[in-house]
Amino acid sequence: MKHDSLQQMLSTRFAAALAQVAGTTAVPADAGLRLAGDPQFGDYQCNAAMALAKTLKIKPREVAERIKAAVEPLLGDVVEPLEVAGPGFINIRLRNEFLARHLAEIPAPELCSHVPTFPHSHAPVDRVGLAPVTQPLRVVVEYSQPNIAKQMHVGHLRGTIIGDVFARALAFEGHDVIRQNHIGDWGTQFGMLIRWYREHPLPTSATHGDVLEAIENDYRAAQERFKQDPAFADEARLCVGQLQSGDPVARHVWQQICAESWRAFTEIYARLGVLLTPDDVRGESFYNDRLEPLVAGLRQELSPAGSQCDSLRAEVRDDQGAVCVFMYDEQGQPRFKAPDGSHLPMIIQKSDGAYLYATTDLAAIRFRLRDLEFPTGRGAQRVIYVTDARQKLHFQMFFECARLAGWVGPDVSVEHVTYGSVLGSDRRPLKTRDGKNVKLRELLAEAEARAYELLRSRDEGTEARRHEAGEIAAPLSDDERRHIARRVGIAAVKYADLCRDRNGDYVFSWDTMLAMQGNTAPYMMYAYTRIRSIYRKAVDRGGTADVYAPDVKLALDHPTERALALRLARLREAIDDVASNLTPHTLCAYLYELAADFMRFYESCPVLAADDAVRLSRLRLCDLAARTLRLGLGLLGIEVIERM
RNA sequence: GCGCCCGUAGCUCAGUAGGAAAGAGCGGCGGUUUCCUAAACCGCAGGUCGUAGGUUCGAGUCCUAUCGGGCGCGCCA
């Protein structure tokens, strides 16, 4: 089992050599080791000589030569002779024997059941030879955050998909991941609904096909009535109080609404292949009775003479009837400003006594870091919030406030991971034709329908013809096609979202995401089925039993074999990258390159027709490629299929 | 007014704590199928990296201005 990526392995050796050349015992944190910019320069390169030349006042190429001399004994038979090139680059090419050995160490699939896979499939995960981290962190990932009594819509799509990748990748790395779905299940809006259901029946599955849709319609009707009927509005406000004070009737209606909402959310999550379950729900209501003491506590922590952190400071003060946290910078100037230039506070209690998002967030982080009861009894060391970029200011204020209050220590990492909006082809936020939010339920149905249509139109011609020509055993049955269409459709939506840098806005396009060429889910899934097809045929011919036998030597003589092998050997780098930088698109890029490398290998290296030794070697490469694709796509929350 | 994000090929986007001649896909043009799925593969064409300064041996990448687009900024989440 491997802990270090190739890059880390090379980097530590070069770092040691650098220290030696620089004449220090301090090993540099960065040995300047990068992927080679161009294949002609090898696989990796070390760029540290130029920088070191400056401090040593020696010519860069001379420094490079010294590094080369110092590092070569450390590298053994890992690399071909190093080359110093250009102004002082050191080009590194891994030896084929090393690459082959490296891959040969990946054992036949050993399944691990500690990593979550898909909601409906509890198949253990094939780690493809990658070891978990030795020092796992407890990581909270908060994502999705739908609102009770409303259907999930496109606005929830990105956060749900992206957050799920973090949960998966971090869990795979061996961290102790706690998913948290901070659902909006509390607040004044429930007064209207509770009041409404005094005189209307609560929708049930017996009366409505989509219960949540019915509740949402009622909610809109109640809002309308709230605006027009003052008596109704007053009663609705009273209902809020009843709910908060635990009135059994109000409480019951609220619980029913929540239960129906969760049911609908869970259905969407399962269909999307997202890990979130009702167990992960800890909504705003959960923190309700912690809010009053929290505000009181914050008054203590942030009193003007109270605890301070660095030179920043904050104070709690009532302003215009609201309880506010005012934050100041090192110069004593306001940290945040309103449009009119006045000091912008973070409001933690409204003038009417109600609490806000900020208050709940503070309560939640306190809970996660201090109170969360887990087997080992420790709180989270890393908390990741996945929300859209527009909430940036809120999180900035919230994080600073929590730090200033001393609730988030220096050893804890809190991260706001943002993403851009989903836009339509008009570059405006994606809406339906009549200007409404696109329901996730409908969007996913369309994805599946479009994928089905794609398969059907393709099959009309080629599949039947290929069956007649004896090229394939049987055309797809309609059931299979529906199954495949579901996987491909959902995968297309998720992959299209994940494969671009999450910071920017992104233009939603069915045609782009369902394309068979390019960096898309269908292309990758197709590559996987091609590999599996070879393997099936090999099994039919009885030639796969021993691909992982110790005497099978991986031959990397053809350039496409070598390129594929190198890519496979870099899996660890790709996964480490997502887990530490929280950038799903870099894993997508890796997998796309892997699929493309496989396709090129496939075009130029016959597998089944090759002689025994070569066939087994290539078959093993194929299987490693399939396993790597399945794992990588699985970490992206995408399930592969065996045929397309 | 202040703050954040974005600006790279006709289009959609990569470009990894500054490193060698700027990369994909789509679209365009041209090739490849007695061969494991042609839903593929290969080749060609196409860029003053918004603009102007600066730092550096070296800048798409860092700094400062500036233009253009998006978003945010007291009792919403």
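Throughout, protein chains are lettered first and strands after them, A, B, ... in sequence-line order, and every chain is numbered starting at 1. As a basis for the values below, the full set of heavy atoms in this structure was taken, side chains included, without hydrogen atoms, waters or symmetry mates.
Base contact: Ala338(A) has a heavy atom under 4.0 Å from a base atom. At a threshold of 4.0 angstrom between heavy atoms, the contacts of Asn91(A) include nucleobase atoms, whether or not backbone atoms are also involved. Nucleic acid contact for Leu393(A): sugar-phosphate only, since backbone atoms but no base atoms lie under 4.0 Å from a heavy atom of the residue. Here Tyr592(A) lies in heavy-atom contact (under 4.0 Å) with sugar-phosphate atoms only. Among the heavy atoms of the strands, none lies under 4.0 Å from Glu593(A). Heavy atoms of Glu284(A) sit under 4.0 angstrom from primed sugar atoms or phosphate atoms, though from no base atom. When heavy atoms are screened at a 4.0 angstrom cut-off, Ser342(A) is found touching base atoms of the nucleic acid. Residue Met346(A) is out of contact with every strand shown, counting any heavy-atom pair closer than 4.0 Å. Among the protein residues, His585(A) comes within range of the sugar-phosphate backbone only, with heavy atoms under 4.0 Å from sugar or phosphate atoms but none that close to a base. Nucleic acid contact for Gln391(A): base, since at least one base atom lies under 4.0 Å from a heavy atom of the residue.
Following rounding to the nearest Å, Ile90(A) (CD1) and A20(B) (P) show an atom-to-atom distance of 16 Å.
We find that the ring of Phe89(A) and the base of G19(B) do not stack by the test of centres under 5.5 angstrom and planes tilted less than 30°. Between Phe41(A) and A20(B), a base-stacking contact is recorded: ring centres under 5.5 Å apart, planes less than 30° from parallel.
The side chain of Lys350(A) approaches C76(B) more closely than any other nucleotide in the set U37(B), A21(B), C76(B). When distances run from any side-chain atom of Ser533(A) to the nucleotides G70(B), U37(B), G19(B), the shortest one goes to U37(B).
Glu62(A) CD: more than 12 foreign heavy atoms inside a 6.0 Å radius. Other residues, nucleotides and ligands contribute only 12 or fewer heavy atoms inside 6.0 Å of the NZ atom of Lys337(A).
Put simply, the side chain of Gln320(A) and the base of C75(B) share a donor and an acceptor less than 3.5 Å apart.
Salt bridge annotation for Asp318(A)-Arg299(A): present, with a cationic side-chain nitrogen under 4.0 angstrom from a carboxylate oxygen.
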Which parts of nucleotides 58-64 of chain B does protein reach within less than 4.0 Å, heavy atoms only, written one letter per nucleotide 5' to 3' as B for base, S for sugar-phosphate only and - for none? -------
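Residues of residues 493-503 of chain A having a heavy atom closer than 4.0 Å to RNA chain B, listed by number: Arg500(A), Asp501(A), Asn503(A).
Distance check on atom P: G70(B) versus A65(B) gives 23 Å, rounded to whole Å.
Just one residue in the list Tyr143(A), Phe398(A), Tyr419(A) forms a ring pair (Phe, Tyr, Trp, His ring centres under 6.0 Å) with Tyr385(A), and that residue is Phe398(A).
Taking side-chain N and O atoms only, Tyr523(A) has no distance below 4.0 Å to OP1 or OP2 of A38(B).
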